[in-house]
Amino acid sequence: AKEPVRVLVTGAAGQIGYALVPMIARGIMLGTDQPVILHMLDIPPAAEALNGVKMELVDAAFPLLKGVVATTDVVEACTGVSVAVMVGGFPRKEGMERKDVMSKNVSIYKSQAAALEKHAAANCKVLVVANPANTNALILKEFAPSIPEKNITCLTRLDHNRALGQISERLNVQVSDVKNVIIWGNHSSTQYPDVTHATVKTPAGDKPVRELVADDAWLNTEFITTVQQRGAAIIKARKFSSALSAASSACDHIRDWVLGTPEGTWVSMGVYSDGSYNVPAGLIYSFPVTSKNGEWSIVQGLSIDEFSRKKLDLTAQELSEEKELAYSCLT
Ligand code: NAX
């Protein structure tokens, strides 16, 4: 039998946490043959609620779940973890300035970076979900210099899955037959959902999405804005932000990273830019990636037309500004 893997979820008493921890305990993130020990961190005002989540995990009697640590102590939470899913953060409240929210999150991610660097397992893989996800991940990277930069990522898989879902609905095909959409850039409304290289599996082989949809006007406008603004549409409908889809996508992100992407398929991940596709190096930017043996790499050599180029640059510009704002909060 495999040794249990310790998985940290921060903000575990929140909405996404509540949807995510049972998925992890059922093997959806790391595989149905992989025992896990869940480490759940939240802040003192949520300690009682966190303990309630722990009680429910015990009550669910998950065969793969070999232990639960529920704590408000960041050191205890980070000790020995091989996977860290950072969902906890400071939400933007009405009337708050962007800079104030950034400043709160910078201080959270700075201190949690230090705890992970000191106490997590060597080669711990980190996924930041909490917004501003790309920039929180960048701060975490800066303050955990001994964690390899390739191990620090942010979630854009939800946006990627939303794009697959929109194409599947439009063409009335199975979502599992659609692949190779790309989310470029920031997990924000400047992200660029790109279908230029996406395909649909048909009895006659893989066909380009553009050819099947045969409506560039829709693909270049409404499709893009629907994906960009899907989060807001969920809030409007549900009165709460996306939770089950965010949790499920976080599992997809880690699973594909650790266990590998299928041959011929790529996924979107926010990763540390090396300058590929002329995206400024030193940003956490969403790229198309494949993964093998626990290591992702950016898919190279895709053609970028003029329409796409502008959109890649626009979202990079926003991330550069966020980076500057985050750094200005450090001093
Ligand atoms: P909730 O407010 O329900 O939960 C957040 C939890 O984090 C709370 O229990 C809170 O007490 C805890 N927390 C706050 N500060 C903490 C700290 N310093 N250490 C540990 N825990 C802390 O929000 P929820 O709906 O679960 O969303 C969580 C985060 O995900 C938000 O930042 C949200 O904006 C972000 N999202 C990111 C998405 C993505 O695709 N990257 C999509 C979904 C989601 O909107």
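Numbers here are sequence positions counted from 1.
- Between the side chains of Thr71 and Glu76, at least one donor-acceptor pair of N or O atoms lies under 3.5 Å.
- Nearest heavy atom pair, residue Ile152 against residue Leu140, reads CD1-CD2, 3.8 Å.
- Going from atom NZ of Lys125 over to atom CG of Asn151 covers 6.0 Å, rounded to the nearest 0.5 Å.
- Applying the salt bridge (Lys or Arg N to Asp or Glu O under 4.0 Å) test to every pair with at least one member in residues 85-114, sequence neighbours left out, gives no pairs at all.
- Gln300 and Ser276 share a side-chain donor-acceptor pair at under 3.5 Å.
- For Lys2, the NZ atom is densely surrounded, since the number of other residues' heavy atoms within 6.0 Å is greater than 12.
- Hydrophobic clustering (ILVMFWY, side-chain heavy atoms < 4.5 Å, transitive): Val83 and Val271 are in one cluster.
- Summarising the geometry, atom OG1 belonging to Thr290 is positioned 10.0 Å from atom CG belonging to Asn180; distances are rounded to the nearest 0.5 Å.
- Considering only heavy atoms from C-beta on, Val181 comes within 4.5 Å of His160 through its side chain.
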Review point. Can you check side-chain contact (heavy atoms from CB on, under 4.5 Å) on Asn220 and Arg210, steps first, answer last?
Key: CA-CA 10 Å; Asn220 292 347; Arg210 277 205 186 271; 3.1 Å; yes

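- Side-chain contact between Tyr277 and Ile298 is present, with heavy atoms from C-beta onward closer than 4.5 Å.
- With hydrogens and angles ignored, the 3.5 Å screen pairs no side-chain donor or acceptor of Ser308 with any backbone N or O of Ile304.
- The backbone N or O of Gly264 lies less than 3.5 Å from a partner atom in the side chain of Lys179, making a donor-acceptor pair.
- Between His197 and Trp266, the ring planes lie perpendicular to each other; the angle is over 60°, past the 30° to 60° tilted range.
- Scanning both residues, Gly88 and Thr10, for their nearest heavy atoms gives N-OG1, 2.9 Å.
- At least one donor-acceptor pair closer than 3.5 Å links the side chain of His39 to the backbone N or O of Ala77.
- The closest side-chain donor-acceptor pair between Tyr18 and Glu56 falls under 3.5 angstrom.
- Judged purely by distance below 3.5 Å, without hydrogens or angles, the side chains of Ser188 and Glu318 pair a donor atom with an acceptor atom.
- In this structure, Asp42 contributes its side chain and Ala47 its backbone to no donor-acceptor pair below 3.5 Å.
- Aromatic ring pairs are classed by plane angle as parallel below 30°, tilted from 30° to 60° and perpendicular above 60°; the pair Trp257 and His253 is perpendicular.
- Glu142 is not listed as a side-chain neighbour of Leu330, based on a closest heavy-atom distance of 4.5 Å or more.
- The CE atom of Met269 sits 6.5 Å away from atom OG of Ser291, with the distance rounded to the nearest 0.5 Å.
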Point to revise | Working for side-chain contact (heavy atoms from CB on, under 4.5 Å), residues Phe287 and Val299 | key: CA-CA 8 Å; Phe287 286 98; Val299 176; over 6 Å; no

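- Sorted by first and then second residue, the salt bridge (Lys or Arg N to Asp or Glu O under 4.0 Å) pairs involving residues 246-262 (not counting sequence neighbours) are Arg157-Asp256, Asp252-Arg255.
- Of all heavy-atom pairs between Phe90 and Val101, the closest is O-CG1, 3.7 Å.
- Between the side chain of Arg309 and the backbone N or O of Leu312 there is no donor-acceptor pair closer than 3.5 Å.
- By the 4.5 Å heavy-atom criterion applied to side chains, Val267 and Val289 are counted as neighbours.
- Put simply, the side chain of Thr265 never gets that close to the backbone of Thr261: no donor and acceptor are under 3.5 Å apart.
- Using a distance-only test at 3.5 Å, with no hydrogens or angles considered, a donor-acceptor pair links the side chain of Asn136 to the main chain of Ala130.
- Side chain to side chain, Asn134 and Glu322 fail the donor-acceptor criterion of an N or O pair below 3.5 Å.
- Test Thr156, Asp159, Asn161 against Ser249 for side-chain hydrogen bond (donor to acceptor under 3.5 Å, both in side chains) and you get one pass: Asn161.
- Gln317 is not listed as a side-chain neighbour of Asn186, based on a closest heavy-atom distance of 4.5 Å or more.
- At least one donor-acceptor pair under 3.5 Å links the side chain of Gln228 to the backbone N or O of Gln191.
- A pairwise comparison of heavy atoms in Leu244 and Met23 identifies O-CE, 3.9 Å as the closest pair.
- A donor atom on one side chain and an acceptor atom on the other are found under 3.5 Å apart for Glu117 and Ser146.
- Here Glu3 contributes atom CD and Ser82 contributes atom OG; the two are 11.0 Å apart, rounded to the nearest 0.5 Å.
- The closest side-chain heavy-atom distance from Ser111 to Phe143 is not below 4.5 Å.
- Between Cys329 atom SG and Asn105 atom CG the span is 9.5 Å, to the nearest 0.5 Å.
- Thr72 has its side chain out of reach of Ile43: every pair of non-hydrogen atoms, C-beta onward, lies at least 4.5 Å apart.
- Residues Val85 and Met29 meet the side-chain proximity criterion, which asks for heavy atoms closer than 4.5 Å.
- Pairing each heavy atom of Tyr285 with each of Thr315, the nearest pair is OH-CG2, 3.5 Å.
- Counted within 6.0 Å of CE on Met96, heavy atoms from surrounding residues, nucleotides or ligands total more than 12; the atom is thus considered enclosed.
- No more than 12 heavy atoms of other residues, nucleotides or ligands lie within 6.0 Å of CD in Gln174, so this atom counts as exposed by the packing criterion.
- To the nearest 0.5 angstrom, Asn123 atom CG is 8.0 Å from Glu295 atom CD.
- Using a cut-off of 4.0 Å between Lys/Arg side-chain N and Asp/Glu carboxylate O, Asp215 and Arg170 are scored as salt-bridged.
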Check your understanding: Checking side-chain contact (heavy atoms from CB on, under 4.5 Å) for the pair Leu8/Leu116: CA distance, chi angles, key distance, verdict?
Key -> CA-CA 10 Å; Leu8 168 66; Leu116 277 173; 4.1 Å; yes

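- The shortest heavy-atom contact between Ile28 and Cys251 is CG2-CB, 3.9 Å.
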